[in-house]
Amino acid sequence: MLVDSHCHLDVHHFPEGPDAVLERARSAGVGRFVVIGVDERGAAARAAVALSERRSDVWATVGQHPHDAVALDDALQTELRALAARPRVVAVGEVGLDYHYDHSPRELQATVFRQMIHLAKRLGKPLVIHTRSAPLETLLILEEEGARDVGGIIHCFSEDRAFAQRALDLDFDLSFSGIVTFRTAKAIQDVATWAPEGRILVETDSPYLAPMPLRGKKNEPSNIVHTARFIAGLRGIAPEQLSETTSDNATRRLRLV
Ligand code: NI
């Protein structure tokens, strides 16, 4: 059974509620789910934690997304710290830098990113990293803050082989979303072909980034089968093997027990 190592199930994306979405995914062969608890004011974190404490096939992450760095005040910081310490929360994330959209000032994004790395280190939990249009800045902060102590995942990997190598050296695994299936994603496909077997994961990042042939539609965890099949094809292995490998990797990295 596949693991969707990164999905957003917020109720404004899925008005039918998370259980219906997860049952569809289970029917498609996806057995376990890491639900990302990030939004501006902590509601997504609360919902993800509650879902993970109610369902044995769901684990949660908690963090402050770089888009919302500007919204992180002391009260929210305190709440996120408490939520992140809960046993079903397996990582701090997604956190990082987004210099593409620049929804929050860059300096503030960097400050919040560093705070989130400190939180992960204090809790001894891995990090889930969001990085867009800021590859070198992201790596530099991970290095400066000693993120290697906890390691983690580069979510929705969309960089090149040089970035991948540095991330792997910092003990970050590479998680591939539907983007890898896009015809123009040659550099990402190169990394998905080359990356060490023990260091790759798959994710939907639902409701975003539906894989081919569903590109442009609302994405959901059941669609991860398309991404997994595509990567198996790139690597010249059976889909079942890719499924087993990536599930083992996610289980080990995020301690999904
Ligand atoms: Ni995400």
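Both counts, for ligands and for their atoms, begin at 1 and track the order of listing. Given the structure is predicted, the values throughout are model-derived calculations rather than measurements.
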So, is His8 placed with an N/O/S atom under 2.8 Å from the Ni ion (ligand 1), counting both backbone and side chain?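 A backbone or side-chain N, O or S atom of His8 is under 2.8 Å from the Ni ion (ligand 1).
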
Please determine whether His6 has a backbone or side-chain N, O or S atom lying under 2.8 Å from the Ni ion (ligand 1).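 Yes, within the cut-off.
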
Check all N, O or S atoms of Asp205 and name the one closest to the Ni ion (ligand 1).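 This turns out to be OD1.
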
Identify, by name, the N, O or S atom of Glu94 lying closest to the Ni ion (ligand 1).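 Atom name of the closest N, O or S in Glu94: OE2.
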
Return yes if a side-chain donor-acceptor contact under 3.5 Å exists between [X] and [Y], otherwise no.
X      : Y      : answer
Ser177 : Glu203 : no
His8   : Glu94  : yes
Gln165 : Asp169 : yes

Going by heavy atoms in the side chains, are Phe33 and Val3 under 4.5 Å from each other?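 Not in contact.
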
